[in-house]
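Working notes for the structure below.
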Amino acid sequence: MPERLPVRRMLTADAVNIQFRWSLWFVLIMYPILAFLEAELFFATNLPDDLSFRSFLVEPGKIYMLIIGIIFPLAYFRFFLSQGLTRRVFYQANTAAAAIVSTALIVTLFLLSWVLQLLFGFADGWLTAGAAPFPGLPDTALVQVGAASLVFFQYYMVGWLIPACFLRGGGWMGAASIVGGLLFMSATDSLMQQASLYPAELLVPAGDLSLSPWVVGLLQGVLTAALLAAVWIVLRRMPLKAG
Amino acid sequence: MTMKVELNDVSWRTKKTTVIEDVTMTLEPGMTYGLLGRNGAGKTSLLALIASYMQPTSGTIRIDGENPFENERLAPHVCFLFNADYSEEDGPASEYLEAAARYRPNFDQAYAEELAALFELPLDVPVQKLSSGLQASLEAVIGLAVRAPVTLLDEVYAGMDAPNRTRLYDAVVEDQARHPRIIVLSTHLVSEMEYLLDHVCLLHEGRLLADEPAASFTARGVTVTGEAAAVDAFVLDREILHTKELGGTKQVLVTGPLAEEERQAAAEAGLTLGSVSMQDLFIHLTTKEGASHA
Amino acid sequence: MKPAFDEKKPIFLQIKEQLEDQIVDGRIQEHEQIPSTTQMVQFYQVNHLTIAKGMNQLADEGIIYKKRGVGMFVAEGAREVLRQRRRDQFSEMYIQPMMQEAEKLGLSSGELRRMIDEWKGGGTS
């Protein structure tokens, strides 16, 4: 239907717009913290080995995406539905928005870090060979940044799923979604790090996974599809509260 | 654009209670409906069902012949407003109007601004900082300016102050005449809104007690006043909704309407017959005494 | 303020009569537009169906006429028709009840006439 597209496009634009503004704060807050740590470490006698782009930007970025994944739909789902939009439209548009925000955020972090590194030697080592966020994957900016944006997106969707489960099915379903969400995050991290991480290691034996990038890609595809389906299944009949 | 709303045997149950039970009714374009009911009667739930906030447990809802739930064609044409919690909303009222302008096909920005001025509603102040009366006015502004063929206003006026309520009633009359649609006004403040209502749907404990034109609804009640014994004799075989006495004078509210010969008989017995306000009838039909007879 | 209506008479008739009064005493001239239904609903705080009932009767009687999309107007000769009708009703509406009451009080027609003259004199002075 021709008139269908504009609504989705408008809502995606609105959702991106709001979440970009939130993310700007995240970026503006993270770099001063990093600068502070840099200064601290300058005086420190022994530097920790894991001071990397991953631990100082990708990991907080994931948590940040998880949090806005919880907050944004919670704050805006009813607002947009009460403008005469359906659950389906909101789901599709905001999923697209989450993908855009994820990519934009990691690209911003990557480019900023790269520029700062070139200019000031700031955060030296974050982007150099051997310090890639995802060591099991090809060490190119495109693959690493792409993988990080996928993980950001997944964390956002996990964040979206949890309150939706609470609202849809009450306490038990909500609690189950927290367990499921933790397992999911652990699984995707394990795949990306090529090492079985807690709590997924309770199910899969700990140790190096050493899977080929293609297998990682395939498994990530399956995981992402399952996550997208789960969010939609929970959302499609979600009751809204009046009052 | 006009749309018809049809509910057929609609029930909505939660785990613990039945909130809406077997409601069947039709809403016709161009009519202003009064959805009357006491607190907890299920008014909000019924409107929320029509607005696809949730799905009925059983029964069907049709708008313009289609199931409205997750219906992209219908959703923009159904507008449901209620006293929402704005304590977390730091955006100004103008943002709400912008959103309506963006997503509602019939939204009239100029009219919205005119109404906002009428209600003395500042558009640039964060909504959370507005008084609850002005927050309610914002809902009223949106509810009217969206011009949705199915407009459902759930008690939004209850929080407004008296001058703004009067302005709202005038606006409802004017705009309904200019752009006829279905307007449902749910309320338990019946007296001051009585004249707005073309049709009455009376909800009591989840069930529809009455669904009829306002005039025939009020004709359901007739007061019989006079000497106690004469009144008692006259109302002997009738359903009594309410009784009050002062000295030897008794006034009884019975279900009407009365036939012409009954009116004559009353006159001959020295009894005075009176009409009853929608408010009084509502009260007596939905209190224990009346509900058991209805 | 909600205008007061007489409980004993249908409201649509009372509204109709109020409009007739305005036509009879010239507040609304022939061919002049009468207030819209919306305005009357707002003024009387009475449902539009009730207003419409009264106005439709006036239209049927030829007192007012409708212009599509514009409104309703006082018909030519309406004032004279209403005046004539009121004259016809005068005896029934005022003389009859007055005579009945006078009878109850035992007033003779001579006394009545004197009272009317007195009232007139008091009214003009």
Side-chain angles (χ1 to χ4, degrees), chain A residues 1-19 21-22 25 70-94 97 163-164 167-173 231-243, chain B residues 12 14-15 42-57 68-86 88-91 95-107 127 139 142-143 146 148-156 186:
Chain A
M1 279 201 235
E3 80 254 34
R4 276 187 157 193
L5 246 161
V7 176
R8 283 171 172 74
R9 206 181 279 159
M10 284 192 303
L11 182 53
T12 304
D14 281 355
V16 164
N17 189 357
I18 296 165
Q19 293 174 96
R21 270 184 281 154
W22 294 1
W25 284 107
I70 292 171
I71 296 174
F72 180 79
L74 210 53
Y76 283 93
F77 185 54
R78 189 176 76 180
F79 175 78
F80 281 113
L81 260 64
S82 69
Q83 306 301 329
L85 302 174
T86 61
R87 290 158 183 77
R88 182 186 293 273
V89 168
F90 185 86
Y91 169 76
Q92 292 174 350
N94 195 46
L167 291 174
R168 175 75 177 82
W172 288 111
M173 191 168 160
V231 173
W232 171 236
I233 288 166
V234 173
L235 222 58
R236 63 197 280 214
R237 298 200 185 287
M238 171 108 96
L240 297 182
K241 261 196 141 62
Chain B
W12 187 66
T14 63
K15 275 176 201 139
K43 303 189 294 291
T44 302
S45 300
L46 188 64
L47 297 180
L49 284 165
I50 297 172
S52 295
Y53 269 46
M54 60 240 187
Q55 285 180 292
T57 317
F69 194 80
E70 283 295 282
N71 188 320
E72 272 179 53
R73 181 176 76 85
L74 297 175
H77 301 300
V78 180
C79 181
F80 173 37
L81 287 154
F82 47 87
N83 288 307
D85 175 13
Y86 290 106
E88 306 289 322
E89 305 301 326
D90 52 5
E95 275 183 11
Y96 286 76
L97 301 190
E98 279 164 25
R102 213 161 145 73
Y103 294 104
R104 294 292 191 173
N106 303 332
F107 182 75
V127 175
E139 283 160 357
I142 294 168
V146 160
V150 181
T151 298
L152 313 167
L153 300 180
D154 184 27
E155 303 256 7
V156 299
S186 94

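Note that the coordinates shown come from a computational prediction; the quantities given were computed from them, not determined experimentally. Within every chain, numbering begins at 1; the chains are lettered A, B, ... in the order of the sequence lines, protein sequences first and strands thereafter.
Contacts of B/E70 with chain A are made by both backbone and side-chain atoms, with heavy-atom separations under 4.5 Å. With a threshold of 4.5 angstrom between heavy atoms, A/R236 approaches chain B through N, CA, C or O but not through any side-chain atom. Interface residue B/N71: only backbone heavy atoms are found under 4.5 Å from chain A. Residue B/F107: no heavy atom, backbone or side chain, is found under 4.5 Å from chain A. When heavy atoms are compared at a cutoff of 4.5 Å, A/L11 approaches chain B by way of both its backbone and its side chain.
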Passes side chain to side chain contact (heavy atoms under 4.5 Å, CB included), A/V89 versus B/Y103? Steps please.
CA-CA 12 Å; A/V89 168; B/Y103 294 104; over 6 Å; no
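Scanning all heavy atoms of the two residues, the minimum distance from A/A242 to B/T44 falls at CB-CG2, 3.7 Å. Minimum interatomic distance between A/G84 and B/R104 (heavy atoms only, all atoms of both residues): N-NH2, 3.5 Å. In this structure, B/S52 and A/R87 approach most closely via the heavy-atom pair O-NH2, 2.9 Å.
Looking only at side-chain heavy atoms (C-beta outward), B/R102 and A/D14 come within less than 4.5 Å of each other.
Here the CZ atom belonging to B/F82 is positioned 7.0 Å from the OG atom belonging to A/S82, to the nearest 0.5 angstrom.
Contacts with chain A were tallied for B/A48, B/A99, B/A84; B/A99 has the most, counting heavy-atom pairs under 4.5 Å.
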